[in-house]
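Okay, so here's the structure we're looking at.
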Amino acid sequence: MEFNYTEFEQKWQKYWEENNTYKVENNTDRPKYYVLDMFPYPSGSGLHVGHPLGYIASDIYSRYKRLKGFNVLHPMGFDAFGLPAEQYAIKQGKHPARTTEENIATYKKQLRSLGMSYDWSREVKTCDPSYYKWTQWAFLQMFDSWYNQNTNQAEKLETLVAKFEANGTEGVNAAETEALNFTAEEWQAMDETAQQKVLMNYRLAYLDYSEVWFCPALGTVLANDEVKDGKSERGDHDVEKRRLRQWFLRVTAYAERLLGGLETVDWSESMREMQRNWIGKSHGASMFFEIDGHNGKTFEIFTTRPDTIFGVTFMVLAPEHELVQEITSDSQKQAIEEYLEYVNKRSERERMSEVKVVTGAFTGAYAIHPFTKAKIPIWISEYVLASYGTGAIMAVPSDDDRDNAFADKFGIPIVDIIDKSDYPGATRDDKIGKMINSDFINGLEVKDAIKVICDKVEEMKVGKAKINYRLRDAGFSRQRYWGEPFPIVYKDDSEEGVPYAIDINELPLILPEMEDFRPQKDGQPPLAKAEHWRNLTNGTFRETDTMPGYAGSSWYFLRYMDPHNEDAFVSQEALDYWESVDFYIGGAEHAVGHLIYSRMWHKFFKDMSLVKTEEPYKKLVNQGMIQGQSLFISFCEDAKKLDRDGDVVAEINDFNKFVSHQIDGGNEVKIDKDTYVLGKCKEHRVPIHYADVHGRLYKDQFTKYINEYKEMTHVDPEKNVWWKVDGNGEEYILLRPEVEKMSKSKYNVVNPDDMVAQYGADVFRMFEMFLGPIEQSKPWDTKGISGVSKFIRKYWNLSHKNEAFNVSDDEPTKEELKILHQTIKKVEDDIERLSFNTCVSAFMVCVNELNSKKCNKRSILEPLTVLMAPFAPYTTEEIWHKLGKEGSIHQATYPVLNEEYIKEDAFEYPIMIKGKMRAKIEMSLDWDEAAVKDKVLADERVQKWINGDEVKRFILVKGRIVNIVI
RNA sequence: GCCGAAGUGGCGGAAUUGGUAGACGCGCUGGAUUCAAAAUCCAGUUCUGGCAACAGAGUGUGGGUUCGAUUCCCACCUUCGGUACCA
């Protein structure tokens with residue numbers, strides 16, 4: 001029978017579904033193992049070839065673990081709420097619920113065809129009310145909780161209220177927005193609204209003010225992604241920041257546990273390092289500076305360098321700092337206003353990355369130095385962010401690069417306070433040296449000076465030692481339609497309205513159907529327009545913001561354990577069995593966002609005694625990104641043809657010339673080794689499907705291309721193009737390739753469907769693995785797929801002769817067993833260390849060797865087939881049944897390595913002399929060093945290289961190498 | 001800017017703990033088969049010199065540690081990801 005993959009892929013897909021081959025039970029005698037993929041965001045262009053890289057890898061690992069006797073949970077679902085889905089829907093003129101449903105259907109079809117072993121009965125979709133009911137429920141748990149820093153865990157709000165009733169804030173050590181102090185009597189005297197406002201200061205899900213991008217021309221709030229260089233990406237309109245009251249999650253309460261937990265998980269060091277840096281713990285001091293002439297009013301700064309207090313020559317507030325308006329003097333008002341206008345158009349990223357141009361404005365106010373009582377000017381500058389620390393700094397130009405640049409630019413004095421002469425090579429920012437010009441800390445080392453100043457400011461009651469985190473609370477509101485509605489109502493419609501949780505029994509709070517769900521022109525969220533939904537009959541009002549994309553993805557891995565439970569987010573029994581994710585695989589782009597938020601949610605659930613584990617993901621691997629190959633054609637006007645030396649060979653009178661390849665400086669095009677064109681050149685994108693795998697655009701395709709793209713209809717392929725000619729006499733031009741993110745807008749998306757149709761899913765799976773290490777990013781290139789295709793056919797042909805199945809029951813030879821068991825060892829090792837590309841190589845080597853021995857023995861092919869089953873689930877299933885086996889190969893048992901078959905007793909040692917490999921000598925592995933030395937030194941090639949010199953050292957590394965030092 | 005990763009033949013990559021650089025595959029070259037092509041098979045293929053034996057160079061760049069460095073250390077260059085409202 002011929003190798004008809006289309007037929008048997010259909011057959012086995014159906015078989016697996018009918019027999020529930022991949023159905024997972026929540027309880028078996030087998031040990032459990034939970035393999036999780038980061039679920040995809042179902043975009044309109046379907047699954048592209050980058051997605052399956054991680055999915056195939058985790059599928060191989062899951063199948064391997066199953067064959068090894070584990071009960072493996074390997075689910076899949078869809079992260080279906082979010083901004084792009086809403087925009088796609090708007091563009092299509094369809095409702096996002098419909099487009100999302102369609103997109104999911106496409107994704108599922110594609111994933112099925114790739115032979116993934118998901119238990120689809122456990123599928124979750126974050127936009128499904130039966131799912132987001134529990135996202136809303138989780139939000140309400142956080143709304144009704146506070147973080148007790150004494151017990152170091154979240155507690156129900158009622159325990160906090162009890163404390164307030166008994167003792168006020170006395171003895172309360174809570175994560176809070178701002179420090180509050182009141183007595184029990186004061187608390188009891190507060191009215192309901194006042195008490196609610198106080199509680200908001202402690203809730204884990206709380207309301208506060210923050211800024212969003214707003215585009216007046218589009219009349220809508222924009223995401224950071226939609227703002228480029230201070231303009232809206234759509235339409236290039238002006239944008240500005242607006243202050244809105246929004247929901248936040250108090251992630252900072254968990255900063256220390258998020259940091260500590262990193263020591264307990266099996267993640268790459270780089271990933272943990274990124275999270276550590278994101279959390280950004282720093283030790284320093286908080287200090288209060290009095291403002292001159294403002295009746296003793298103070299402001300708080302945070303510094304990691306309290307030792308440099310005597311070098312302070314100015315203060316800097318964030319432009320958003322609440323004191324700016326109040327302290328600005330009349331004469332500085334205009335300068336400050338102008339500066340604020342400038343900052344309002346700057347993104348946080350621009351503000352952070354700007355190092356070349358220093359900007360700022362003087363408020364006209366002065367702070368008073370706590371020790372010297374000197375008057376220090378207070379400036380504002382974009383390099384101080386409101387969201388970090390207290391939004392105010394003491395500037396020390398002698399010991400901080402940015403402060404130094406600022407002082408330089410604005411002519412502010414610089415006072416040297418640290419003598420670094422004992423540390424040659426130390427830079428300005430290094431925390432080392434001896435204090436000078438610093439009053440009572442003169443002569444102290446930096447480290448000691450920090451301690452002394454911290455004690456002193458504490459004693460003077462103007463500050464104290466403090467730990468600060470860079471981590472910020474997570475903004476949890478979006479002024480969008482396509483997200484989870486907040487289960488929150490307000491009695492009062494005003495800006496200051498107090499939020500109340502809706503009854504848990506009312507969940508899910510369904511997102512209302514809206515015909516027009518576009519953002520409103522006045523910047524109000526779309527839901528504000530759904531008046532019937534928003535305005536309740538009892539006179540209360542619903543929250544009209546929705547939750548962000550990461551709400552649903554912060555806990556989805558728990559729902560897979562028990563996806564249809566209507567009474568709980570997941571049952572205790574399911575949690576007891578599966579506990580948490582053993583192996584998580586997904587893109588490195590989620591390194592901080594998703595992985596910080598979902599860890600925080602998990603820790604919160606732990607505090608609520610809902611889950612048992614502190615960390616959700618034991619082992620984590622990031623797959624690299626598959627980049628797209630974009631192609632460009634260049635179009636030249638007024639061209640001159642040059643040779644390699646730049647001499648003009650010919651003037652070109654034709655107005656248009658389409659040529660190819662590299663553009664240098666926008667006006668020089670290299671046609672081939674010896675010919676260049678000089679002229680005004682412009683590039684156009686060419687959708688990749690026009691070109692062949694080498695980036696060649698052939699004449700017939702070129703004609704189609706210019707017919708479809710209007711700007712080029714005037715091009716005559718006969719007159720205006722310099723064609724190259726290939727070996728078959730076909731004319732083509734070579735396009736300029738560029739590696740970019742794979743994206744529909746770049747015309748470079750490659751869809752796996754065509755490749756699966758052309759080569760079969762197994763070849764596609766193995767080819768994706770063969771591309772390289774799973775963690776590495778690489779451009780998509782299909783050039784090598786024929787090699788994998790040939791390999792699968794060779795494997796097939798081992799058991800086929802003249803298209804008929806043909807295996808022998810003869811006893812295997814020693815050599816054949818050695819080949820098999822070497823492969824078992826290699827593949828098992830490589831799967832364990834997630835090196836799937838080398839597994840494919842190992843299979844190729846194995847099949848090549850068996851092929852050269854014409855081995856068609858059942859005793860070899862049967863275990864080899866099981867070994868390959870995780871990689872090529874369809875082909876191996878087909879062979880398995882041809883071998884006469886009952887049931888699915890994917891429920892078989894993994895072959896066991898027998899070391900006896902692969903034992904070596906001799907090794908061909910490379911002999912290195914003076915750092916070069918000069919000879920190879922085969923020697924027994926049993927020999928001791930003396931025996932080896934005798935044999936090696938007796939060798940004539942070795943003698944030639946030693947050339948009578950003295951052998952200074954003779955190094956033998958058993959089974960590895962011999963090195964002779966002369 | 002800051003944080004993280006990567007850089008090895010014409011190309012994707014291998015070298016697992018510091019021990020033979022280039023496994024495996026693509027491409028290319030030559031040959032077999034064929035009326036011819038496709039497919040298949042065989043041989044070769046890091047670069048330079050040489051008919052060859054062989055010699056020299058060689059893992060982004062420049063230094064260093066070591067008997068020995070793709071691997072460890074220092075400085076730099078380039079590309080990619082993230083940078084808190086894309087997910």
Side-chain angles (χ1 to χ4, degrees), chain A residues 38-41 43 79 81-85 87 210 212-213 221-227 246 251 268-271 273-278 280 347-356 383 387 402 470-480 548-550 553 587-594 596-597 622 624-625 627 693-694 739-741 767 770-773 775-779 781-788 790-791 793 829-830 832-833 835 837-838 840-845 848 908-912 914-917 920 952-955 957 959-966:
Chain A
M38 284 186 190
F39 62 170
Y41 190 86
S43 85
D79 186 15
F81 269 140
L83 178 61
Q87 282 169 338
S210 83
V212 294
W213 282 116
V221 172
L222 297 176
N224 286 338
D225 236 33
E226 301 174 287
V227 178
Q246 310 193 73
V251 180
S268 71
E269 181 51 33
S270 62
M271 187 60 44
E273 188 64 14
M274 260 194 270
Q275 292 229 333
R276 280 185 211 115
N277 292 335
W278 187 257
S347 71
E348 211 168 82
R349 187 160 336 151
E350 284 171 326
R351 287 172 56 174
M352 284 189 295
S353 15
E354 187 66 81
V355 284
K356 293 196 185 99
Y383 80 89
S387 52
R402 280 177 314 181
R470 203 182 71 99
L471 183 70
R472 310 205 293 247
D473 284 344
F476 205 63
S477 281
R478 298 293 182 268
Q479 293 69 44
R480 305 277 174 188
Y550 64 81
S553 63
E589 65 271 26
H590 299 286
V592 280
H594 163 63
I596 288 270
Y597 298 140
N622 292 115
M625 191 176 262
Q627 287 136 349
V693 291
H694 307 288
V739 173
E740 294 181 299
K741 202 169 181 165
F767 176 62
F770 192 57
L771 279 176
E775 305 95 328
Q776 223 159 307
S777 287
K778 54 226 142 198
D781 188 350
T782 53
K783 281 207 272 292
I785 198 166
S786 61
V788 178
K790 269 186 226 168
F791 153 74
R793 277 161 204 274
D829 281 1
D830 285 359
E832 291 289 356
R833 67 187 180 102
S835 176
N837 55 329
T838 52
V840 179
S841 297
F843 287 129
M844 287 174 169
V845 170
N848 283 344
E908 194 180 27
Y909 280 93
I911 314 297
M912 281 176 81
K914 275 202 214 159
K916 284 267 171 198
M917 206 270 287
K920 281 186 182 176
K952 287 201 188 106
R953 277 181 77 182
F954 185 90
I955 297 157
V957 184
R960 289 277 188 194
I961 205 164
V962 170
N963 195 358
I964 299 168
V965 186
I966 53 174

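Labels below follow one simple rule: chain letters A, B, ... track the order of the sequence lines, proteins then strands, and each chain is numbered from 1. These numbers were taken from a predicted model, which means no experiment stands behind them.
- Not a single donor-acceptor contact under 3.5 angstrom links the side-chain atoms of A/Glu226 to the base of B/C85.
- Atom CZ in A/Arg793 sits about 13 Å away from atom C1' in B/A38, given to the nearest Å.
- Remark: C1' of B/G82 and CZ of A/Arg349 are 8 Å apart, rounded to the nearest angstrom.
- Residue contacts shown for A/His594 are absent, as no nucleic acid heavy atom lies under 4.0 Å away.
- In this structure, the CZ atom of A/Phe767 is 8 Å from the C1' atom of B/G12, given to the nearest Å.
- Inspection of the A/Thr838 and A/Ser835 side chains reveals an N or O donor paired with an N or O acceptor under 3.5 Å.
- In this structure, of B/G19, B/C86, B/G12, it is B/C86 that holds the atom nearest to the side chain of A/Leu83.
- Without hydrogens or angle criteria, A/Gln246 side chain to A/Gly475 main chain gives no donor-acceptor distance under 3.5 Å.
- When heavy atoms are screened at a 4.0 angstrom cut-off, A/Pro84 is found touching the sugar-phosphate backbone but no base atom.
- Side chain A/Asn224 to base B/C85: no donor-acceptor pair is found below 3.5 Å.
- With hydrogens and angles left out, the side chain of A/Gln776 and the base of B/C80 share no donor-acceptor pair within 3.5 Å.
- Here A/Arg833 does not reach the OP1 or OP2 of B/U16: none of its side-chain N or O atoms lies under 4.0 Å away.
- Going from atom CD of A/Gln275 over to atom C1' of B/U83 covers 14 Å, rounded to whole Å.
- For A/Arg349 and A/Glu354, the salt-bridge test fails: no basic side-chain N is under 4.0 Å from an acidic carboxylate O.
- Computed from coordinates, the A/Glu775 CD to B/A5 C1' distance equals 11 Å when rounded to whole Å.
- Residue A/Asn837 places at least one side-chain N or O under 4.0 Å from the OP1 or OP2 atom of B/A14.
- Below the 3.5 angstrom threshold, one finds no donor paired with an acceptor across the side chain of A/Lys790 and the base of B/U40.
- A salt bridge links A/Arg472 with A/Glu348: the closest approach of a Lys/Arg side-chain nitrogen to an acidic carboxylate oxygen falls below 4.0 angstrom.
- Following rounding to the nearest Å, A/Glu350 (CD) and B/G1 (P) show an atom-to-atom distance of 15 Å.
- Here the P atom of nucleotide B/G25 and the CZ atom of A/Phe791 are 10 Å apart, to the nearest Å.
- In this structure, A/Arg480 contributes its side chain and A/Gly82 its backbone to no donor-acceptor pair below 3.5 Å.
- Nearest-nucleotide mapping onto RNA chain B: of A/Val965 and A/Asp79, the residue sitting toward the 5' end is A/Val965.
- Proximity of A/Asn963 to the phosphate of B/U20: no side-chain N or O atom is located under 4.0 Å from OP1 or OP2.
- Nucleic acid contact for A/Asn848: sugar-phosphate only, since backbone atoms but no base atoms lie under 4.0 Å from a heavy atom of the residue.
- In this structure, CG of A/Asn277 is placed 8 Å from C1' of B/G4, rounded to the nearest angstrom.
- Using a 4.0 Å cut-off between charged nitrogen and carboxylate oxygen, A/Lys356 and A/Glu350 do not count as a salt-bridge pair.
- Within the structure, every side-chain polar atom (N or O) of A/Arg960 is placed at least 4.0 Å from both OP1 and OP2 of B/G19.
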